[in-house]
Every structure is written in structure tokens, then in C-alpha cells.
Amino acid sequence: MTATPAAGPDICLTGLSKHYGPFKALDNVHLTVAPGEFLTLLGPSGSGKSTLLMALAGFVEPTRGDITVGGRSVVALAPEKRDFGVVFQGYALFPHMSVADNVGYPLKIRRLPKPEIAARVKEALALVQLDHLAKRNPKQLSGGQQQRVALARALVFSPEILLLDEPMGALDKKLRGDLQMELRQLHRKLGRTFVNVTHDQEEAMAMSDRIAIMRAGRIEQVGAPRDLYDMPETRFVADFLGKSNFLEGRVRQADAEIAVVETADGMIRHAQRGLVLRAGDDALLALRPQKIGLGGDGADNELPAVVETAIFLGTHAEITARTGSGLVLGINLAIDRAEALPDEGTGVTLTFGAASTTAVRDD
Amino acid sequence: MPSPADQTASGSGAPLAHRLGRLDPYWWLVAPLLIVTIGLFLVPLFNILLLSVTDPEPGLQNYERLATASAPMRVFMTTLRICAVTTVIAIVLGYCVAYAMAHLEGLHQRLLLVAVLIPLWVSVLVRAFSWLVLLRDQGPVNDWLIGAGLIDEPLKLVRNELGVVIGMVHYLIPYAVLPIYAVMRGLDNRLLFASRSLGASPATTFFRVYLPLTLPGVFAAMVIVFVFGLGFYVTPAVLGGGRVVMLAESVSVAILQTVRWGYGAAQSVVLLVLTLILIGIMGRTVGLKRGFG
């Protein structure tokens, strides 16, 4: 990867809280964003991710805690003094200005000479491939084009940090995919810090170096997309980022490598990693639908079940099966293994390896 | 809608029934008002037009008089001047009130809204005489100013143009506030956030983003206030003390005192045409729709 070497300040949030009366929109948030990183705040609506971004931008005054950028506290700084580029939800383009005037606005405010403004506006619009639409009114542009204008406007004054509040929120799915790739490439090219907010886990996975999953004003877990997916620490993360089945039980015996968990459907062998299980603990195991197979020999775990639904979806097949205890598990079968889909109502044996389960905290 | 079969079956009565059937029945709800408006407003208005070119004898002499004599020109200029001054003051004050209203929340906002609306329910006559009492030489305002040692002689606050302007501004401020407020309420706050995030101070944000985007409301308010002002009668008559004669009062003098109906009618026509032209110009240049929408 030919990324521009990351330079610029790091962002540090320590003990950041924002209370609205008894409601805690942000509750003791600690987070560090490295220079040049693409970090996404991911969470359901009301989880505080937008509040966190707006606190960074300077529009929400934290009740407690500190935000430092390059070691300097910015909490007391007005938004216009922070020099962050912000792309707002809905883009917030000025309707009374042309595209070029929108992009030139931050430069005009900074009293740059006119020729330089013109040159930099042109450059910024070229960066988002919109130089041919400079004279248009924002209302005449499509959603995707408006998003790019907002991006150009937020980048034209070369801020070291770019904040994006649901930048893809108003776009349709196809366009979203294209723009995600573009935004990611833009990030690589510029080497600046991007902090993005979204509720779309695919978007978060596609673009981010790291994802911070938020819930009820707190950060539940931070990590690279792959790590979060493979090693969720809580039930919430395992369920929010991709789908998971959950097996509850009590640890019967455990050593450094294997824990045996007694569930309503029998003993399950679980390879220890992440959260360590000890004998006697209550255990909650997360199991991804694609880690379950039908039949086969020599699997660590076998669960008898009855197929409830079996749906062929082209790239894969989705099956739901009910175990003896009444637990319904979702199974994704890769298509080469699903040539013969089991009929609904037939009995099958669900198999999965001891390394397929992840022990998570319940919450 | 009758089907083609119905039409052929119902014979000679069909064409009328067909035409009425096409008319949306909701029109019947406004029909009485339409009839009254046509009978009691449009027809007499046409009569006034007619009167202005027929009384005392057929011809354009009434208009000739208006165009050549000095008194009507003076009335005309007084009217425009007072309306212009009133409009500027009412818009500036109204913008401030609307801004406060758009940014207050909950109970405070409702209180302010009621405070703006209540004067609309008080008779214009009552208000004019109240101002007369308040502003006259021995009135509370002058008493207080003298008592406080700020002035020695009572200020001439009433029975002049100042009094008329004070009374008219008071009457017209709600008409300035409401259209401006409507536009302010519809403004997306994120635009202001965006401006701040791009480096603009609150003041710069106001002048470069907020003000330009609320101008349609300002223009709409200007049209309403100015046009209303043109037709003012009671306020100038009471607060002007006979010394400040505006168009409406001049018409009244011609009709009631000098009994030159044709001359009065001609002045009315001029006022009407002037008003329509102003609405036309302003509507075209600033896009009234945006302000009212």
C-alpha cells in the first residue's frame, strides 16, 4: 500500500461525558485516534456516536472530560478555531452559493487572495472529480455529487482531521458502495486522520482502519474490523457486527486450551482464546452462522437439530434449525456445501469446531 | 362524472348538468362569498373607476388635477415617505423579534408569540388614541423625561409625522415578524454549524449565511408592511392631528368634506394602481413565493 506517511496530531479523549439532565449521551468515553488513522464510530441510533463527533467538532460542550489534539486541549476552543473539516449529515451545502463558492467559503473566510482561492477550489473539486460542475447550484446536484462537494469543502483548507457524520446516510446502496471505495482511496492519498460516524456495519468494515463500537454513550469495544468480528468481547458486539448464535451454559472443566461448557443441548468443547473461562463460570459462547456445518465427521461438537427453514440465496444458503432444547440457530452454508439443501422438518446434525466459538461477556 | 351513456339518455338537460357536474362541488362552499365579493366589492370598485372619469363630467380632468396640482403631489410624497420609514423601522425591529422567537424554546417562545399576536386583536382606533394619550405634551412619556431632567420642554412626539410613524410601526410589527419568523424556523441549523466548522465566527456566519438565507422572509415582510401602510387611514388621521395627510385621508376629505366624488375616486384608483404595481415589482424581483412558502 502506498499510503502517504501519516503525520499530524493524535486525538485523545479522556473521560469524556455529556449529560442532558439524567440522560447520559456520553458516559466516560476514553479513546485515542492515531495520526492518519481512519476510525469509525459505529453504533445503533442513540448510542452517542454523533454526540461524540459533535463534541470533537466543538458543537457539543462536554459535561466532563477532556479532548486533546496533539497534546493540546481543545475543549475551550470555539468550533471555528479547531480547524477540523466536517462533513455533516445531509451535507449542509449553502443553498445560496454555487458549488465553487461553497468550496471556496473556508478560504474566503481565511482571507486568501482570490487567485489562490480559485486555484485551490479547482484542485479540491478535481480531487472529487466534480470540476465540471463548479458553477452549478448545489440543489441541481444528485445526492452523491452533493456528498463530494461537502467533502471538497471540508478538505479545501487542508485540515489535519476530517470528521464525517453519516456521510453515506442519504444515498442508495449501490452508490454507497462506490463512494465508500472512493473515500477510502481519498484517505490513503491524503494521509489525514478521518473520524467517521455510521450505523451501517458494512460501511464501517469496508472503510475503517479501526472501529469503535458504541452503545448507550459508552465505547463497547475498539479494534480493527477483522479483530472485532473474530474476537468480539461482548454479546452486543458479537450481535451488532455480523450475526451470531449464542449458546449459554456453565463451564464444567477448563484448562489452558479447552473449556467444556454444559448447555441445555449437551457438552460443548470450546477452545480458549480471548476471555478465559474457568470451571464453574457461567459461559456465553458466540457462534457465527457460517462456522456451522451439516453432518461431517470428526467435528469437536455435534448438535442434533431439526431444520425449520432452508433458503437458497445464490451466494450461500441460509438455514435455521431448532435444537432439542428449543434453541434456534442460524446457519450459513457456502454454496458448494449446500448442493443438496435439507428439507424443512428433517433432522440434521450441526457440527462446529472447538475454535469456532468465542466466549463473550453477557450484558 | 356522468358516463357517456348517461349523457345520451338524459337528453336536452344533459349539457348543463354535464358542465356543473364537472365543477368540483367544493366550489359551492365558497359560492356565497364569491357572490358577495363580486356584488359588493368588484362591482362598486368598477363604479369608482367609472366615477373617476365621469364626475362631475366625462373626461380625465380629475387625473389631470392630480398630476398638476401641488397638494395631491405633496400627499403622495408624504404617503410614500411615511411608508418607507415605517417599513424600514418595522422590518429591523421585526427581524430582531423574529430572531429571538426562532431561538427561544418552549414556554418562552410561546409567550413571545402571544405578545406579538395580542396587538392584532386590539382595535386600531383604540391603539391610535392610546398613543395620543401617551405621547402628547402632558403625557406620561414627556412627564417622565422632564421629571428625569433629560429635557426641559416637552418633545413633539405626536400630531406630526413622528407620531404617525410610531403608531404605524406599532401596528405593522406583527406583519413584519411573522413571515420572517416562518423563514427562520425553516432554516437548517446544520448550515450554521457547517459555516462555523469551516472557520467562520458567529458574526461572519450571521452575515454570510443566516442573513442571506432569511432575506426572502424579509422581502415578503417588506411587501406586506409597505402595502398595508399605503392604505392607512385611522392612525395618520388621529396621530397626525390633521397636519399629516396621507392618501387614504385625502380620499376621505374629497368624499366627505369637499364632496368631489370624482376627484376622490381618481385618488383611490391611483392608490390601487400604485399598490398593484408595487406588489408586481416586488413579487417579480424577490420571489414572493419563497417568502410566503
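Convention: sequence-line order gives letters A, B, ...; per-chain numbering from 1.
By the 6.0 Å and 45° rule, A/Arg188 does not stack over the aromatic ring of A/Phe38.
Each of A/Pro95, A/Ala154, A/Gly58 has some count of heavy-atom pairs under 4.5 Å with chain B, and the biggest count is that of A/Pro95. Between chain A and the options B/Pro212, B/Ser197, B/Pro202, heavy-atom pairs under 4.5 Å are most frequent for B/Ser197. Of the listed residues A/Met97, A/His96, A/Lys81, the one with more heavy-atom pairs under 4.5 angstrom with chain B than any other is A/His96.
With respect to B/Arg190 and A/Asp165, no salt bridge is recorded, no charged nitrogen being found less than 4.0 Å from a carboxylate O. For A/Lys18 and A/Glu61, the salt-bridge test fails: no basic side-chain N is under 4.0 Å from an acidic carboxylate O.
Only the side chain of B/Leu213 comes within less than 4.5 Å of a heavy atom in chain A; its backbone stays farther off. When heavy atoms are compared at a cutoff of 4.5 Å, A/Leu163 does not approach chain B at all. For chain B, the nearby part of A/Phe84 is the backbone; its heavy atoms alone come within less than 4.5 Å. For a residue to count as touching a neighbouring chain, one of its non-hydrogen atoms must lie under 4.5 Å from one of that chain's; by this rule A/Arg110 touches chain B with the side chain only.
Ring planes of B/Tyr210 and B/His103: tilted class, angle from 30 to 60°.
In this structure, the side chain of A/Arg192 does not engage the main chain of A/Glu160 through any donor-acceptor pair within 3.5 Å.
The aromatic ring centres of A/Phe23 and A/His19 sit 6.0 Å or more apart.
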